[in-house]
Amino acid sequence: MEPTTHTGKHPRALFALFFTEMWERFAYYLMVGILLIYMTDTATGGKGFPTKIGADIVGSFIALVYLTPFIGGLIADRYLGYLKSIFIGGLLMASGYIGLALPGNTAMFISLVLIIVGNGFFKPNISTLLGNIYNREDLKPLKDNAYNIFYMGINIGAFVCNFVAAYLRNQYGWGYAFAAAGVGLLIGLGILALNMKNPDIRNANVKKPIQPEDMPLSQIFTKVFLPAIIAAVIGWIIPAKVLGSPIMGTQANDAFIFACLPIISFYISLWVKASGQDKRSIGALLFIFAISIAFWTIYNQNATGLTLWAERHTDRVASESTAKITGAIFPMQQVTDSLRLTNKLDPYMREVKDADGKTVQEMGADPYFFNVPKEQWPGGQMVKLTNTELFQSINPLFIVLLTLVFVPLFSWLRTRGKEPTTMSKFGMALFISGLSALVMVFAILSVPSIYTHKASPIWLWLTYFVFTISEIFLSPMGLSLVSKLAPARLTALMMGGFFLSTSIGGKVAGVMTSFWDDFTDKKMFFMILVVAAFIGGTLIYSRIKLLNQIVKDKTGLD
């Protein structure tokens, strides 16, 4: 290894990884922030898919994006090393983002697959590389602070990207927005490439040869992934053939559910075969994984249900002053209530009947005005709207602001012996995330009907504010809890279990949103999330003493 010296300051390697990750998250959140809008858009050149299909595609994409880091991390650990994996993953993802700019559904699906596979190589390994840098004895005291700085980079990228997406799709079209994600990622890889000779980065790029207690990749494939692939094929074919229609609405949903069954069975078998402290630790982790699905379902409403709410049911008309200020920065989305009149009905026409019951046509509204009383239509004048994706910048903004509040708060409570235990924070996170969904119930109640009126954007600000608190309580500690409780020989597999719960939550969010149009009473959509989160929180607190004791016995900490 090349020698390195440090003086108690963060090494330059941190800032190289900071900007690399910032640009990668810029790219990912730009793409996923507009993906559902693009899938369902009928007015500005999007795919024009029905809500059910668009949400199904987005939910499946999110689910698979969270599954691949498990296997990508193992391959990097044992065979490729972290730097090579990061560059492979980054180039695959950049190709996928740029590919989304190409016409045709085939190009779109190939591009999504490239992003899914690329994310598996990139996402787990840049964080591991950073951890390795700070495993040096002289840097260990700075490790927590380094991850806080690194996390700020993630959220800066997630905040800025939506403004870029709005500018490009308003001014030039969808393709330019997706391509910008690819360019952003290439910038991030370029920054890392320029720092390849940094000794801290080179020394952190180590491989971990398989240990006797580790499960070989071949065994993981035959016991976990191969059964899942076979089950997915069965789920895709059999229900639709035998029953005449999919069980879960679409064949993709059935395939995913079937694929999860052998994986879940495998994790249960690990618990059954374990004994003593290992059995208790694995049981506690599986319990938390199962309950966390409710949290991740609410988390992924950002790219699914809440995106539809912002697009269709939120008052996005910019005030005159806002339009003047914002319009000077980037062109705003502009619509009118009188687009065109044709001889046949199209998506912009409303079918109406005269007094004799005869079908006639009238000049239709842009889709934005479909749930606005006609007397409030702007009479053929252009109206400037706030882009839907800009609402997705609220969460990273609150992450930055609230982290500055809660990290010192937890530190202050810790010095007084009053900081909540890790398991208590998980329980709190479930209840708080449920409250964020409850905010949306009040949003629906705030207007006479969401089918005739738009709700105030303040409700989205409020729901993101509440949810961000829950995210700070749960998300940063998830992988840390796994590393503390998992038996050494099963750490990687239990990390996979954490990603599986995240993946299932993403898929459930997509499945729920695919039925968005079927929920005539949208309050029920959000109340399902409220009830699920509250049940999860209650279950954690019902076992809180046992869970705390398991953590204490394993780690010596509460």
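Given the structure is predicted, the values throughout are model-derived calculations rather than measurements. Side chains included, hydrogens not; waters and symmetry mates left out as well; all remaining heavy atoms used. Along the sequence shown, the residues carry numbers beginning at 1.
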Exercise for review: Would you kindly say whether Asn395 and Asn302 are connected by a side-chain donor-acceptor distance under 3.5 Å?
Suggested key: no
Review point. In chain order, what residues pass the ring pair (Phe, Tyr, Trp, His ring centres under 6.0 Å) check against Tyr134, with sequence neighbours excluded?
Key: His10
Practice item. Tell me, please, which residues at least two apart from Phe109 pass ring pair (Phe, Tyr, Trp, His ring centres under 6.0 Å). Key: none
Point to revise | Qualifying residues under side-chain hydrogen bond (donor to acceptor under 3.5 Å, both in side chains), relative to Thr386, sequence neighbours excluded | key: none
Exercise for review: Sorted by first residue and then second, give each salt bridge (charged side-chain N to carboxylate O under 4.0 Å, His left out) pair with at least one member in residues 54-75; sequence neighbours left out.
Suggested key: Asp56-Lys507
Point to revise | Aromatic plane relationship, Phe61 with Tyr28 - under 30° parallel, 30 to 60° tilted, over 60° perpendicular | key: parallel
Practice item. Would you please classify the geometry between the Phe525 ring and the Trp516 ring as parallel, tilted or perpendicular, with 30° and 60° separating the classes? Key: perpendicular
Check your understanding: Side-chain donor-acceptor pair under 3.5 Å between Ser281 and Asp278, yes or no?
Key -> no
Practice item. Could you tell me whether a side-chain N or O of Ser292 sits under 3.5 Å from a main-chain N or O of Phe295, the two making a donor and an acceptor? Key: no
Exercise for review: Would you indicate whether Phe87, at its atom CZ, is surrounded by more than 12 heavy atoms from other residues, nucleotides or ligands within a distance under 6.0 Å?
Suggested key: yes
Check your understanding: With under 30° as parallel and over 60° as perpendicular, where do the rings of Trp174 and Tyr38 fit, or are they tilted in between?
Key -> tilted
Review point. Any luck finding a side-chain donor-acceptor pair between Thr51 and Arg312 under 3.5 Å?
Key: yes
Practice item. Using the side chain to side chain donor-acceptor pair (under 3.5 Å) rule, collect all pairs that involve residues 97-120, keeping only residues at least two apart or in two chains. Key: Lys47-Asn105
**Study point:** Listed once per pair and sorted, the salt bridge (charged side-chain N to carboxylate O under 4.0 Å, His left out) pairs that draw on residues 24-33, sequence neighbours left out
**Key:** none
Practice item. Ignoring hydrogens and angles, state whether a donor on the side chain of Tyr82 or Asp77 is under 3.5 Å from an acceptor on the partner side chain. Key: yes
